[in-house]
Each structure stands twice: as structure tokens, then as C-alpha cells.
Number of protein chains: 2
Amino acid sequence: MSRKPRLRSGTGITMHDVGQAAGVSAITVSRALHSPERVSPALREKILQVVEQLGYVPNRSARQLASARSHTVLVLIPSLSNTVFIDALAGIESVLQPAGYQMLIGNTHYSDSEELALLRAYLQHSPDGLLVTGLNQLPAFRQIVAQQALPAVYMMDLSEDDRPCVGFSQEAAGASMTRHLLERGKRRIAFLGAQLDERVIKRLHGYRLALQEAGCHDPALEWLNPSPSSMQMGADMLDALLAAHPDCDGIFCCNDDLAIGAIARCQQRGIAVPAQLAIGGFNDLQAAAWTTPALSSIATPRFDIGVAAARLLLQQLNGEAMTSQKLDLGFQLKIRGSS
Amino acid sequence: MSRKPRLRSGTGITMHDVGQAAGVSAITVSRALHSPERVSPALREKILQVVEQLGYVPNRSARQLASARSHTVLVLIPSLSNTVFIDALAGIESVLQPAGYQMLIGNTHYSDSEELALLRAYLQHSPDGLLVTGLNQLPAFRQIVAQQALPAVYMMDLSEDDRPCVGFSQEAAGASMTRHLLERGKRRIAFLGAQLDERVIKRLHGYRLALQEAGCHDPALEWLNPSPSSMQMGADMLDALLAAHPDCDGIFCCNDDLAIGAIARCQQRGIAVPAQLAIGGFNDLQAAAWTTPALSSIATPRFDIGVAAARLLLQQLNGEAMTSQKLDLGFQLKIRGSS
DNA sequence: GCCGATATTGTTAGCGCTAACATCGCGCCA
DNA sequence: TGGCGCGATGTTAGCGCTAACAATATCGGC
């Protein structure tokens, strides 16, 4: 029985080694580490000491393989470069970390198919649960989630079916900003949209709704660009919009990036904000408060959404009844100088 | 031999099942999936078809346990909310993903001890390699890395020892911006620093060096605050600085966040930038180009650093000779309206 | 002092996969 | 035609851990 020892990472010290050094069996070490109440206090103490002394590092793969629970949660977000999702991530981390769960972060790059591919790939880690951004996953995605009975919580929006979710009404938020601009006396209000993910589209719906109510909806004022948004794009869209519709007196930008670019361009062109042109953004990023004039925006509870979604997931994982299937965390209209 | 079947996540379909369905042994399935050249084309095709058909998902834990390689890389960054590190992350992802490696992301919150704790925790996943931000890890951290012979690449700075690293000279970059302000005729140049991690301190050293060369270094103009930086802090620090030193004619902010807050406050207070007060930032975030006036900054190759660091690590993992132990990717002074 | 309940520790087997070695069959060359 | 080499596939064993069951030790009550 003389096999070549394999090269392997890790200390090479196993639970068995710890047991021997402490004069007990491996399973007792396992219990001392994971269910301390099942080992006598003196022995537990001794085992922990040996663990420390030998620098023992448990092997998660082996544990996972033997026990079925992975203590791992897969988090899928559309982008790493959008602060919105990073904030949510921070909220999630603040709940999962203390609970002993580790996050696997998947960046879908706003792509349905990549989202599906990531799910497939990360399934190899057999995550115990799933936190997903948005509600519009591909059928194959939903099928896998259903088939594997993967506990999942959906973030950033409110579902109309029975999927557990935490978010706010993107549509209502879009309508809210639009109504605010209407209240400021603006009638020719444009919509600048980029990226055009499901959330942007819902904000657009809210915008339309509010303008239709007020009887001044004009489809020609909807400017949509599926490319990723940027401040440069905001500036460019502003130029194009004003060239085509000089009578435009208000703009609702689907996010703050666009709005910051637009407001800077106004500054450069000497366009009076808000007198001549009122501008509203979305998300209330840090920078929104520091433009000239400061940008009105919709503050969204990203961090809290992350926290609540993670909590909801943990409840499912622990087999507890969920306190609530759907959590509407609302939003807040921040009125500043730009409107 | 009638044991209760265990509850477990995953499809429950194993490599063995796939093998049976395809009329081969499990190991052949394994080879068809991971080293296709060792299986005849026809058979491989058939196996892949069965895999697809059964919806087989390989179990990574089992693979890891049996094979020693985890195909996982641990990435440690100080913060998720700082775009700088997110950009690096994107670069890393763009290399690791296609190479079949998965990233484990650890957020150290700028804390040495948390960094060490994360290393310990993620060691349970037996990562094949390590990508770390900065060079100043705790001794215990270095000891673990050495002891486990963990391949590691350090990012964002240049080491003076033999650790492989990819970055640029923070000190030279700090000096570069300072010299630029000197060239603009400024003599009373302040330094605004927040967070005070190792990189900020090195920029500060560069600033001092440049001012000492020019014979106009005044320690009273160094304003340091260990709290996390923000635009608000930049504005506040500007107020405090000018209250104490009205003769100050230039400011080097250790990052763009501070600079954006400072420049906005100047705008509010009617301070002429750059005539009365020149302002320089660091990192060249997107927003830097959209302040009024636009912010001069040091553009740093974050994405490329991530790419290069990941490549270097892969070379180590594959046992290849590293093309280079130390990679200086430089930086670029972006001169805009604020100076 | 004996019985059973309870607390504590051990034994056995197996999670799903792959390294290492074994085997088989086929083609090629002398 | 025989033997050799090589490519393709199979067999065996075990990675490190834990669920389930087994075996003790301990203790109180009668």
C-alpha cells in the first residue's frame, strides 16, 4: 500500500491527524468544531487547542461532499461597475458573513444568457441558495431553479407572481420623478434611457403613465440607447435631444450617470438649469449631490434591499416561515437644485 | 445496505449515471469532460450528448477532493465601493473566467486583520492561488502564504522584495501630480488625504519629495483624515484648509472623491479654479471629466493591472516561468481645466 | 445492586470524483 | 506472421469529511 503522496494544497493536516494528536477519533474533532454541545467541555477545549497548535484548516470540499450543505450562496448581479449593485452586495455581505455563509458573486454583464451560463457554472458549487437581480430570467433559468428546488430571492423589483422578492416599484419611482417635473411647470419632458434593462423599461413606463395622466406625453421625446450608460452618453444625448427638440424643458434621466453628463453639458453650453431645463436622475449616487447645480434624484434603498433579501433567504434555508414573501422598501424623491 | 437517501442539493445525477446511460465507465465521462483528447471523438460526442440530455452537473467538491486542484483563485480587495478595485476585478475576471478559474472575492474593508481572517476562512476552499491588493500584509498572513506555498501576485504597487507584483509607483505618481501643480506656478500646495492606506501614504511621500525638491514643503499643509473618503469630506476639508491657510493656491487630493467634493465647494463659494486655487485628483474616475471645471487627475491602469496580475498568476499555476516578476504599468497625468 | 435513561465517544460506510495503474485491441514494421 | 508500441478504455482505491448507527460510561432511582 505504498502510493506516491499527491501534491496538494493546504496544510495537509487532516481531522484524523488532529484526532490522533488529541487522543480521540476524527468524528469527535468534527463534533468539537461544528456541534460543540455534543462533546464534553474539557475535551472540546483540548481539541481546539490542538487545532490551533497544528494550524489545522478544515477542508470545505470534503465537508460539502459528505454533508450536502455547502454554506454558500450564489449572488447574481448585472454589473460590477454600477454602484447600485455593489451597494446591494455590501448589504448582502453584512448578513451572510456573520451567518457563516460565503458569497459566490456572478457578474451577468446584463445578459440573460450569461446569467444562465453563470447559474450552470456555479451550480457545480452546489450553493444552498440564490440571490438574483431582477425578475426576467430565461425560462431555462427558472426551470433549473425549480427543478433543483433552489431557494431564491429576487432583488430590486417587485414580482407579480409568488417569487419572494425585495425591492421597490421601479414604475412608481419613474412616475414619481416625472410628476415632480410636471409640478415644476414643465410640459415638454424628455426621457433619456440607456442600457435598457428591465428596470429602465419600467421607469420608462412610469414616465409615460405620469405624462399621459397630465396629457402631455410625446413619444418623440423618448430617447433610448441600449448601450451601457455613461456620463459621456448623457452629454451626447442631451445635445442630440436639444437639436431635435429645442422646446424641451425637462429631462428625466434613467440613471444618475446620464444625468451628470447632461447637467455638465448644460453648464458648458450655458443652459440654465432648472429655469430653462429641469433635470432629474435616478439612484441618488454620491456624486448627484455634488454637481452644479446639485442633481435631483430618486434615492433607492440598495443596501437595505441586500440586507432584507439575504435575511429572507436565510429564513428559507433554515426552514423557517418567511416573515414576508414580498418586501416593498420604497424610494425617496430627493429634490435638489437641478429641478 | 438500505440507508436513507440523504437530502442533497444538485440534480442527483452523477458521473456514474451518465456513464451508464452512455454505456461507458465514469472515468471515461470524466475524461470526455476534462481532457477530451484522451477520448475518441465519436464517444466524446455521445457522452456530451448524454450529459446535456440528463442535465448532468459535475460536483465541484468531489472533483476538488479527488484532484487537489480547486481551479479557484482568491482575490482580496480593500473595498467594493471603490471603483478602483472593481475595475481591477473586472480585469481579473476577464482572464480567469476563460481559463476555467473561478474567483472568490474577499472584501477586507481596508483592515489588515480582516484580511488575515478572510485568508484563513477562504483557505477552506483550498484556492490554487491568490491575488492581493497592496504589499503590507500582516506577518501571520505572509507566513501562511509561505507555509502553504500559495502562488500569489500582489497588485497596485511595486514591491522591493521578490514578491511578484503588478502596479505602478504610487510615489512617482504623487510626485508627478505635485510637480504639475508646481509647474503651474503654485507654491502653497496642500495635500488632502483620507483613508490613509499604504497607497495614500506613498502618494503623500511623492508629494513631499516633489515639494522638498522645489523648496516649498510645508507640513502644515498636509491634511490627513483616516476615515473613508467621500465627496462630503473633500468639501469639508477644503473649508477647513482654507480657513487655516487662506494663502493656499493648490491642492493635491489623494483621490478623485475628495477632489470632486472640493471642486464643487469651490464652485459654491465662488473660488476661481484654477486661477486662485488649482486642484488635482487621483485615479481619473469617470466623473473627473465632468466636474466644472473638469478635474485634472492621474489615470491609473486598474483594469490592465487586474489582467496582468491574473496572467502572471496563471503562469505560476501552470508551472511556467513567469514572463516577469515585476510589472510597472505606469500612470498618466491627465491635465484638465482644474489646473 | 440492578435496570434503564442519558451523555459521550467510536465504528462503518460512503459522498462523487479522479490518479494511477491495468488491460485491451489495433496497426505497423521487420 | 509475430511482436511491439500506442491509443482508448476500465479497475481500484482513496481524497477528508460526516450521517447513521453502535458501543460504552455514567448516574439515579428503587
Side-chain angles (χ1 to χ4, degrees), chain A residues 1-47 51 54 56-71 123-126, chain B residues 1-47 51 54 56-72 123-126 128:
Chain A
M1 206 59 49
S2 74
R3 303 182 52 195
K4 267 186 228 159
R6 304 192 199 170
L7 270 175
R8 73 176 30 262
S9 57
T11 50
I13 295 170
T14 73
M15 210 168 242
H16 184 79
D17 299 334
V18 175
Q20 267 194 333
V24 298
S25 71
I27 188 73
T28 307
V29 178
S30 170
R31 289 200 269 247
L33 291 174
H34 300 298
S35 36
E37 75 285 357
R38 300 190 50 192
V39 175
S40 66
L43 190 54
R44 185 194 324 152
E45 192 56 40
K46 183 174 178 189
I47 290 172
V51 163
L54 295 183
Y56 167 68
V57 176
N59 181 323
R60 209 172 174 101
S61 301
R63 177 158 145 83
Q64 216 160 301
L65 187 56
S67 71
R69 288 284 284 263
S70 66
H71 294 275
L123 232 42
Q124 299 190 359
H125 289 273
S126 36
Chain B
M1 205 58 49
S2 77
R3 303 183 52 196
K4 266 186 229 160
R6 305 192 198 170
L7 268 175
R8 72 175 32 261
S9 56
T11 49
I13 295 170
T14 74
M15 210 166 242
H16 183 81
D17 299 334
V18 175
Q20 268 195 332
V24 297
S25 71
I27 189 72
T28 307
V29 178
S30 170
R31 290 200 269 248
L33 292 174
H34 300 299
S35 36
E37 75 285 356
R38 300 190 50 194
V39 174
S40 67
L43 190 52
R44 185 193 325 153
E45 192 54 41
K46 181 174 179 188
I47 290 173
V51 163
L54 295 183
Y56 166 69
V57 176
N59 182 321
R60 206 168 176 106
S61 300
R63 177 158 144 85
Q64 216 160 302
L65 187 57
S67 71
R69 291 282 286 263
S70 65
H71 294 274
T72 286
L123 231 43
Q124 299 190 0
H125 289 274
S126 38
D128 293 337

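In the text below, chain A, chain B and the rest are named by the order of the sequence lines, each starting its count at 1. On a predicted model such as this, the values are computed, not experimentally measured, just so you know.
- Using a 4.0 Å cut-off, no side-chain N or O of H16(B) falls inside it from OP1 or OP2 of dG16(C).
- Looking at residues 18-33 of chain A, you'll see V24(A), S25(A), I27(A), T28(A), R31(A) sit with a heavy atom under 4.0 Å from some atom of DNA chain C.
- Applying the side chain to side chain donor-acceptor pair (under 3.5 Å) rule to H71(A) yields no partners; only residues at least two apart in sequence or on another chain are considered.
- The side chain of S40(A) places an N or O atom within less than 4.0 Å of a non-bridging phosphate oxygen (OP1 or OP2) of dT9(C).
- Although no hydrogens or angles enter the test, the distance criterion places no donor-acceptor pair under 3.5 Å between the side chain of Q64(A) and the main chain of R60(B).
- Of the inter-residue distances, the one linking N59(B) atom CG with H125(A) atom NE2 reads 10.5 Å to the nearest 0.5 angstrom.
- A donor-acceptor contact shorter than 3.5 Å links the side chain of S70(B) to the backbone of S126(B).
- Rounded to 10 degrees, the angle between the two end axes of the helix from dG1(C)-dC30(D) to dA30(C)-dT1(D) is 40°, with five pairs used at each end.
- For residues 26-43 of chain A, the set of pairs meeting the side chain to side chain donor-acceptor pair (under 3.5 Å) definition, not counting sequence neighbours, comprises S25(A)-T28(A).
- Along DNA chain D, the nucleotide nearest to A62(B) and the one nearest to V39(B) differ in position, and the one closer to the 5' end is contacted by V39(B).
- Rounding to the nearest 0.5 angstrom, the gap separating the CG atom in L65(A) from the CG atom in L65(B) is 6.0 Å.
- For the pair R60(A) CZ and dC15(D) C1', the interatomic distance rounds to 18 Å; values are reported in whole Å.
- Contact annotation: R63(A) side-chain N/O to dT18(D) OP1/OP2 distance is under 4.0 Å.
- Rounded to an integer number of Å, the gap from CE of M15(B) to C1' of dC15(C) is 14 Å.
- Checked against V24(B) for a side-chain contact (heavy atoms from CB on, under 4.5 Å), the options L43(B), V39(B), V18(B) give a single hit: L43(B).
- Between dG16(D) and Y56(A), no contact under 4.0 Å exists linking OP1 or OP2 to a side-chain N or O.
- Closest to the side chain of L65(B), from the set dA19(D), dC15(D), dT9(D), is dC15(D).
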